[in-house]
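What follows is a set of notes on a single structure, which appears directly below.
Each residue takes its place number in the sequence, starting with 1.
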Amino acid sequence: MAFLKFNKAELVNLEYSLRREILGSNSVGTYFNTSIIACNTRKYHGLLVVPVPALDSRKFVLLSALDESIILGGKQFNLGIHCYGDIYEPKGHKYIVDFDADGVPVITYKVGPVTIAKSIAMAPDRDQVLISYRVLNAPGKVSLVLKPFLAFRDIHALTSENPSADTAYTEVENGAAYRLYAGFPTLFLQTSLKSSYAHQPYWYKGITYSNEYRRGFDCREDLLVPGSFTVDLREGSELIVSASTSEAVSRSLKAKFEGIRRSVSNVGSHKDILLNSARSLKVMVDRKKKVVAGYSWLETGLLRETIKSLPGLTLYADGDKAGFEEILDNLIEAEGERLYCKTTQIEAPLALTDTIQQYIAFGADEKKVWKKYGSVLKRIIESYASREETSICPNGLLWCQKYGVALTWMNSYINGSPVNERAGFQVETNALWYNALCFAIEMEGRYGGAKSAFCAKWAPIRDLVKENYQKTFIVTSHRGYHTLADYVDNAGQHTECRPNMLWAAYIPYDLVDAEVQSDIIATIDKELVTRRGIRTLSPRSADYRGVYEGSQHERDLAYYNGSSRPDLLGMWEDVCFRMVGPSFAGRAKWLTEGFFEDVNLHGVGYFSELYDGEPPHEPHGAVSSACATASLMRCLYLMDKYSKEDCK
């Protein structure tokens, strides 16, 4: 069964094909990303995008595109496609007859009697992309002409014709090397077969990225085409093109590509797709293993995203306890200030406790884990007494406020002002606060000695939180149902229905009454659960925006006011399984499998950051999200776990 495949009718329909993206990445954070017809629609797209250590490991597009032309019978047929304003030229997509990404992505072109299959693959451990051209059918000699489009720019920027650019080249084995600007790595373009190179530098102006245009961003740039490579091929020939930051050995390229092709297993199940996605989000940066928050534009090693996604990408994916600790150790080393001093991610340090709890529940030795990470968790708790963004109130709860800053995960802004500032007592932050206190006191009491000063200091605060949390947040409807306020400030309770109250039911310590827990789950189920995750706001709210489209202003309003989040689904299903046991398995399967139905809609073979809150729940945001992937990995793990329990 082909999971990731498109036919000719779909491929030639630009409205359809330009919205679907292919992505390839490797263990060092290098990637390629473009649409399924190889037309770049975002400024983040490119055939070789590399992190540059000398430039703070920021990511740079070196090779934007590689256009192909076939010369047959004296006529040239252009297979490339670019957008200029509202004009697409050339229109190479009309020659595409097939696309398959169940293994290495393959785009098949047919020009008269000639059929060529183009495959793209990342080298596993270096800044190198390999492109294969196999001639499947040809009546005789076919000349293939290749034109590289060079960018040499930060992924968040655009470039224009620059007289300071160095348009010269250096001859290398079967190719040429370029470096447009000092401080950048050199780009080596080489072919496995003998090629001829004609150096004719020319700026292609006004290349337009339709996705950026649609989103209201700067969308046009100029790219340098330094020249062209020509290779003569025949039926059965295969040409490998290498784009890399180091010189390759041309004669080894074919064997290297074949090795990669064999190592990329074909997709045989939905779980295979998820595992491939999880693997792609763990990379080595400066010899440190980290999590990519999301491709193409989200950063690597972010605090909140790593804490949320780490168990799913390691433990629930393949049981990788060593990888879990390695990434966590690197995060703690890199993020000391945010963990212990100040942060605009106010709940993230507290959420580290939940990450550790998941590790222990997965089977890690509790005593060893506490010995290694206990001091970190205790120091985090201590820090909330002195952070400028927080204060511990007499009722034991955390008051979190920094004027004009969205301190929680709901952190979108419009013109510099937060859409959801939520200053005051936040329902999820205080649930995490209680969880951190309970866990640290329990572990310290068990392994830290009978007369722990930490326990003596913080146990009274824990008890105050328990006493006052429900009093502060509980909302009773006229029908007698209980929910929790999303946050409480000097004006009182803000009772809009959001998923943040889920944390009060999720943590393993009883913070609210069983009846309240049940009502929280019932309310979320009724108001927020969709087949593409959990809505960020109930449709009953006047602020609800169920479709993430339109201008930047409109999208920022919808980002946390109605968009649906797959990253919340794993936590939701965990609570439901704990409450009702294996009988929840059917619903869990229905909720989880919906994402696999959409795996061809956005990032082909990857899982999107967010979805519309309204049917048909179109995907948006980063085409491959660490938090979404990890959450779905957790869902599969839970279904398997409770299925085994049901069989006992």
Side-chain angles (χ1 to χ4, degrees), residues 2-25 31-42 45-49 63-70 72 77-83 88-122 129-138 142 144-149 191-192 229 231 233 235 237-243 254 257-258 260-261 264 266-267 276 599-606 623:
F3 286 89
L4 308 173
K5 191 174 178 66
F6 300 94
N7 60 42
K8 180 176 175 60
E10 294 166 330
L11 293 160
V12 299
N13 181 348
L14 290 181
E15 185 177 350
Y16 179 93
S17 57
L18 290 177
R19 295 178 69 90
R20 288 152 174 83
E21 302 181 30
I22 54 174
L23 168 68
S25 62
Y31 71 86
F32 70 82
N33 186 199
T34 185
S35 68
I36 59 174
I37 59 171
C39 178
N40 292 343
T41 64
R42 303 181 190 271
H45 282 172
L47 268 183
L48 185 65
V49 186
L63 178 63
S64 178
L66 185 65
D67 275 18
E68 310 91 354
S69 298
I70 291 175
L72 183 64
F77 301 88
N78 297 323
L79 308 185
I81 176 171
H82 298 277
C83 179
Y88 287 88
E89 187 63 36
K91 299 180 176 65
H93 66 294
K94 66 185 178 183
Y95 299 115
I96 301 177
V97 295
D98 191 44
F99 174 93
D100 189 329
D102 280 344
V104 172
V106 182
I107 305 172
T108 304
Y109 299 86
K110 184 172 175 56
V111 182
V114 177
T115 306
I116 293 181
K118 177 173 76 172
S119 306
I120 311 172
M122 293 300 309
V129 64
L130 298 171
I131 305 110
S132 159
Y133 297 93
R134 286 183 295 152
V135 182
L136 305 181
N137 296 290
V142 177
L144 181 66
V145 181
L146 303 170
K147 292 196 305 185
F149 286 68
T191 58
S192 61
F229 300 85
V231 184
L233 303 172
E235 185 173 309
S237 298
E238 182 175 22
L239 169 72
I240 310 297
V241 178
S242 167
K254 186 173 181 179
F257 188 89
E258 192 56 40
I260 296 171
R261 183 153 40 201
V264 177
N266 287 335
V267 173
N276 287 339
V599 80
N600 281 336
L601 291 185
H602 195 206
V604 176
Y606 296 89
V623 298

Exactly one of Ile116, Val145, Leu144 clears side chain to side chain contact (heavy atoms under 4.5 Å, CB included) with Glu68, and that residue is Leu144
Checklist entry - Could you walk me through whether Phe229 and Val241 pass the side chain to side chain contact (heavy atoms under 4.5 Å, CB included) check? => result CA-CA 10 Å; Phe229 300 85; Val241 178; over 6 Å; no
Does a side-chain heavy-atom distance below 4.5 Å link Ile107 with Ile37?
no
Interatomic distance, CD1@Ile36 vs CD@Glu21, rounded to 0.5 Å, equals 10.0 Å
Between Ala243 and Leu48, the two heavy atoms sitting closest are O-CD2, 3.6 Å
- Message: Can you confirm whether or not the ring centre of Phe149 sits under 6.0 Å from the ring centre of His82?
- Response: yes
So does Ser64 get a backbone contact from the side chain of Asn40, meaning a donor-acceptor N/O pair under 3.5 Å? yes
Could you tell me whether the side chain of Ser17 and the main chain of Leu11 form a donor-acceptor pair under 3.5 Å?
yes
- Task: Report yes if some heavy atom in the side chain of Leu72 is under 4.5 Å from a heavy atom in the side chain of Pro113; otherwise report no.
- Result: yes
Asn7 (side chain) donor-acceptor with Ala9 (main chain) under 3.5 angstrom
yes
Here the pair of heavy atoms bringing Asn78 nearest to Pro90 is CB-CB, 3.7 Å
Looking only at heavy atoms, the pair that brings His93 and Val12 closest together is CD2-O, 3.5 Å
In Ile96, Ile70, Thr115, Val114, the residue satisfying side chain to side chain contact (heavy atoms under 4.5 Å, CB included) with Tyr109 is Ile96
* So, do Lys5 and Asp98 sit near enough that their side-chain heavy atoms are less than 4.5 Å apart? -> yes
Rounded to the nearest 0.5 Å, the CD1 atom of Ile260 sits from the CD1 atom of Ile240 at a distance of 9.0 Å
dist Leu47:CG -> Tyr31:OH (nearest 0.5 Å) comes out at 11.5 Å
Margin query: I want to check something: taking the side chain as every heavy atom from C-beta on, are Leu146 and Tyr133 in contact at a cut-off of under 4.5 Å?
Written below: yes
Closest heavy-atom pair, Val104 versus Phe257, reported as atoms and distance to 0.1 Å, is CG1-CZ, 4.3 Å
In short, Gly92 meets Ile81 closest at the heavy-atom pair N-CB, 4.2 Å
* Quick one: do Glu10 and Arg20 make a salt bridge, cutoff under 4.0 Å? -> no
Rounding to 0.5 Å, atoms CG (Asn137) and NZ (Lys110) come to a distance of 6.5 Å
- Query: Would you say Val111 and Leu79 make side-chain contact, with heavy atoms under 4.5 Å?
  - Reply: yes
One should read off an interatomic distance between Leu18 CG and Cys83 SG, to the nearest 0.5 angstrom, of 8.0 Å
task = Anything under 30° is parallel, anything over 60° is perpendicular, the rest tilted; go ahead and classify Phe6 against Phe99.
result = tilted
Whether the side chain of Asn33 engages the backbone of Ile22 through a donor-acceptor N/O pair (distance < 3.5 Å, no angle test) should be reported. yes
When rounded to the nearest 0.5 Å, the distance separating CG of Leu66 from CZ of Phe32 is 13.0 Å
Checking the side chain of Lys8 only, and the main-chain atoms of Lys94 only, is there a donor and an acceptor separated by less than 3.5 Å?
yes
In terms of heavy-atom contacts, Ala38 and Lys118 come closest through CB-NZ, 3.9 Å
